[in-house]
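Fair warning: this is a prediction, and the values are worked out from it, not measured in the lab.
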Amino acid sequence: MKIRVVAVGKVKERFYEDAIAEYGKRLSRYCKLELVQVADEKTPDGASPVQEKQIKEKEGERILSRIREGDYVIALAIEGKMPDSLELAAKLETLGIQGKSQVVFVIGGSLGLSEVVMKRADESLSFSKMTFPHQLMRVILLEQIYRGYRIMTGEPYHK
């Protein structure tokens, strides 16, 4: 299975880069991982709802340009399903059994994801009702995908 993570914005802190690289290395045993960054839009202080929508739409166009027709898309959104690690592992396993060879996880920018990206998504996933920095979310997502593969293969994992 190939897993692509499409995320808005650059990773700026070295410690996030190191953690992302570590999980990328660990995941290489289980899947082909591709990390894609698309440019974020500057959000002015006190942006109006119209400006925020325009920003999300521009970022959404960039996201959609990195998604192919046959990709199975999982959008990370606060209002998404909140599975536990076992359920996420089962979902990844089911997708593989169903022949979904390209799974794309999408992480939006500071304003979230546009409507068009949410409509393109096959499902949405939430890790919490809390908001996390998108850089940290990449690390959390990769750790959970790694944990999922460990669970699928019956290997030990920290509970």
Side-chain angles (χ1 to χ4, degrees), residues 1-41 56 58-78 80-114 117-118 120-159:
M1 179 180 287
K2 181 175 182 180
I3 293 182
R4 184 176 326 119
V5 176
V6 178
V8 174
K10 291 185 178 184
V11 175
K12 296 174 182 135
E13 284 85 7
R14 179 76 184 156
F15 59 91
Y16 286 134
E17 288 177 354
D18 291 344
I20 290 166
E22 177 62 28
Y23 282 111
K25 186 174 105 183
R26 292 180 187 191
L27 278 165
S28 67
R29 292 181 49 208
Y30 305 103
C31 65
K32 184 172 164 105
L33 178 67
E34 181 184 5
L35 303 172
V36 178
Q37 296 182 136
V38 298
D40 58 349
E41 289 291 312
K56 288 196 298 189
K58 285 180 186 176
E59 291 174 349
E61 289 170 11
R62 292 180 189 130
I63 290 167
L64 290 175
S65 75
R66 303 309 301 255
I67 295 173
R68 297 179 189 104
E69 191 174 317
D71 292 345
Y72 188 88
V73 178
I74 301 173
L76 274 62
I78 236 169
K81 295 176 197 161
M82 245 188 276
D84 62 25
S85 296
L86 294 172
E87 291 167 328
L88 181 60
K91 180 65 180 184
L92 290 171
E93 188 169 35
T94 299
L95 290 173
I97 291 167
Q98 292 173 342
K100 306 285 185 197
S101 59
Q102 304 276 335
V103 177
V104 179
F105 289 90
V106 178
I107 302 172
S110 61
L111 299 175
L113 294 167
S114 68
V117 172
M118 292 304 294
R120 171 57 183 90
D122 295 288
E123 66 180 280
S124 59
L125 174 69
S126 175
F127 284 87
S128 172
K129 290 185 190 265
M130 292 184 272
T131 303
F132 296 102
H134 61 269
Q135 296 178 76
L136 178 59
M137 198 63 240
R138 295 175 209 203
V139 177
I140 294 169
L141 172 64
L142 293 177
E143 189 280 332
Q144 284 298 302
I145 294 169
Y146 172 69
R147 183 180 298 263
Y149 276 105
R150 301 278 296 185
I151 290 167
M152 280 188 271
T153 57
E155 297 174 63
Y157 67 99
H158 182 69
K159 292 184 182 181

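- In summary, E59 and R62 do not engage in a salt bridge, as defined by a charged side-chain N under 4.0 Å from a carboxylate O.
- With contacts defined as side-chain heavy-atom distances shorter than 4.5 Å, the pair Y149/E155 does not qualify.
- Side-chain contact between L33 and I145 is absent, with no heavy atoms from C-beta onward closer than 4.5 Å.
- Not one N or O on the side chain of R66 forms a donor-acceptor pair closer than 3.5 Å with the backbone of R4.
- Counting only heavy atoms from C-beta outward, the side chains of Y16 and R138 never approach each other to under 4.5 Å.
- For F105, there are no ring-ring contact (aromatic ring centres under 6.0 Å, His included) partners two or more places apart in sequence or in a different chain.
- The environment of NZ in K32 is sparse: at most 12 heavy-atom neighbours from other residues, nucleotides or ligands sit within 6.0 Å.
- Between the side chain of Q135 and the backbone N or O of K12 there is at least one donor-acceptor pair closer than 3.5 Å.
- For the pair V106 and I67, the tightest heavy-atom approach, listed with the atom from each and the gap, is CG2-CD1, 4.1 Å.
- Side-chain contact between K81 and K91 is absent, with no heavy-atom pair separated by less than 4.5 Å.
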*Could you go through the side-chain contact (heavy atoms from CB on, under 4.5 Å) check for I97 and T94 one step at a time?*
CA-CA 5 Å; I97 291 167; T94 299; 5.5 Å; no

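- In summary, of the residues considered (V103, I3, L88), a side-chain contact (heavy atoms from CB on, under 4.5 Å) with I74 occurs for V103 alone.
- Side-chain contact of Y72 with E123: a donor-acceptor pair under 3.5 Å is present, judged by distance alone.
- In this structure, D84 contributes its side chain and L86 its backbone to a donor-acceptor pair below 3.5 Å.
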